[in-house]
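Please read the structure below before turning to the comments.
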Amino acid sequence: MLKKVGLVLLGIFALLAIGGGWWYHQNYTGEDYYVKITTGGKRVIDSDAPKAYQVSYDYDLPAVNSEGKQREVTFNSNRSTPLKRNAYLKVSYNPTRDVILSWEQVQPKQIPAKAAAKLP
């Protein structure tokens, strides 16, 4: 009897772990896209935020993945100065939540050829 209860509990734990892993993957991982900064961004002032985070810049730009698939992305720089024009970024896009999870600057030679061909 004790073995059966243990096996049932183990099965429930395994299902919870698999379900939690799937949920995390769907909501907190993303696909890499590449963006070229072509605008100065839209300056946003949030007076309710802590002083260091009151000014930021929003960007709406076309992004391209390594296979050449394009989409429009919106993200925030969370900086008090705009991002440098003509800089290239690799952004992590989550389609489930339709958000950019993170971004980092990359060199043009680090961008896959199919993506580089479609960037402005």
Side-chain angles (χ1 to χ4, degrees):
M1 174 78 175
L2 194 54
K3 285 185 179 182
K4 287 183 182 180
V5 171
L7 286 175
V8 169
L9 289 176
L10 183 62
I12 291 171
F13 178 74
L15 287 175
L16 287 174
I18 291 169
W22 175 83
W23 180 84
Y24 180 85
H25 179 74
Q26 291 295 314
N27 289 286
Y28 292 101
T29 61
E31 180 182 353
D32 290 339
Y33 277 80
Y34 298 89
V35 174
K36 182 177 181 182
I37 303 299
T38 56
T39 69
K42 178 184 172 191
R43 187 172 190 210
V44 177
I45 299 175
D46 181 4
S47 58
D48 293 333
K51 187 168 179 104
Y53 300 103
Q54 287 183 351
V55 177
S56 63
Y57 289 84
D58 288 344
Y59 296 88
D60 295 316
L61 297 167
V64 184
N65 69 6
S66 60
E67 298 165 357
K69 179 182 170 190
Q70 291 182 302
R71 79 173 328 111
E72 286 290 319
V73 295
T74 301
F75 64 98
N76 184 301
S77 68
N78 290 327
R79 299 171 57 169
S80 61
T81 58
L83 296 171
K84 189 167 84 172
R85 286 184 193 239
N86 298 318
Y88 292 93
L89 302 180
K90 179 170 77 170
V91 298
S92 178
Y93 172 75
N94 179 282
T96 304
R97 294 173 38 209
D98 192 30
V99 295
I100 297 296
L101 300 172
S102 64
W103 56 265
E104 67 177 299
Q105 186 170 353
V106 295
Q107 298 301 315
K109 63 184 175 188
Q110 294 174 290
I111 300 173
K114 287 183 180 180
K118 292 192 175 184
L119 285 173

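Treat the numbers as computed from the prediction; the structure is a model and nothing was measured. Heavy atoms only: backbone and side chains are in, while hydrogens, waters and symmetry mates are out.
Between Q105 and L89, the shortest heavy-atom distance links the atoms CA-CD2, 3.7 Å. Taking both residues in full, the closest heavy atoms of I37 and T39 are given as CG2-O, 3.4 Å, listed atom of the first, atom of the second, then distance. Minimum heavy-atom separation, T81 to Y57: C-CE1, 3.5 Å. Heavy atoms only, all atoms of each residue included: F75 and V35 are closest at CE2-CG1, 4.5 Å. Contact detail for V55 and I45: the closest heavy-atom pair is CG2-CG1, 4.4 Å. Smallest separation of non-hydrogen atoms from G40 and P82: O-CB, 3.3 Å.
Transitive grouping of hydrophobic side chains (ILVMFWY, heavy atoms separated by less than 4.5 Å) keeps F13 and I18 in distinct clusters. Placement of L83 and L61 within a single hydrophobic cluster is found when ILVMFWY residues are connected by side-chain heavy-atom separations under 4.5 Å, directly or transitively. Y33 and I100 fall within the same hydrophobic cluster, where Ile, Leu, Val, Met, Phe, Trp and Tyr residues are linked whenever their side-chain heavy atoms come under 4.5 Å apart, directly or through other members. Using a 4.5 Å cut-off between side-chain heavy atoms of Ile, Leu, Val, Met, Phe, Trp and Tyr, with links allowed through other members, V64 and Y88 fall into the same hydrophobic cluster.
Atom CG of L9 and atom NZ of K4 lie 14.5 Å apart (nearest 0.5 Å). Between I111 atom CD1 and K90 atom NZ the span is 10.5 Å, to the nearest 0.5 Å. How far CG of L101 is from CD of E31: 11.5 Å, rounded to the nearest 0.5 Å. Atom CG of residue D58 and atom CZ of residue R43 lie 12.5 Å apart, to the nearest 0.5 angstrom. The CG atom of D98 lies 6.5 Å from the CZ atom of R71; values are rounded to the nearest 0.5 Å. Here NZ of K114 is found 8.5 Å from OG of S66. Values are rounded to the nearest 0.5 Å.
In this structure, E72 has no salt bridge (Lys or Arg N to Asp or Glu O under 4.0 Å) partners at least two apart in sequence or on a different chain.
Between the side chains of Y59 and N76, no donor-acceptor pair of N or O atoms lies under 3.5 Å.
Other residues, nucleotides and ligands contribute at most 12 non-hydrogen atoms within 6.0 Å of the CD atom of E67.
Looking only at distances, no side-chain donor or acceptor of N86 sits under 3.5 Å from a matching main-chain atom of K36. Counting only distance, with no hydrogens or angles, the side chain of N65 and the backbone of D32 share no donor-acceptor pair below 3.5 Å.
If you chain together ILVMFWY residues whose side-chain heavy atoms come under 4.5 Å of each other, L10 ends up in a group of its own.
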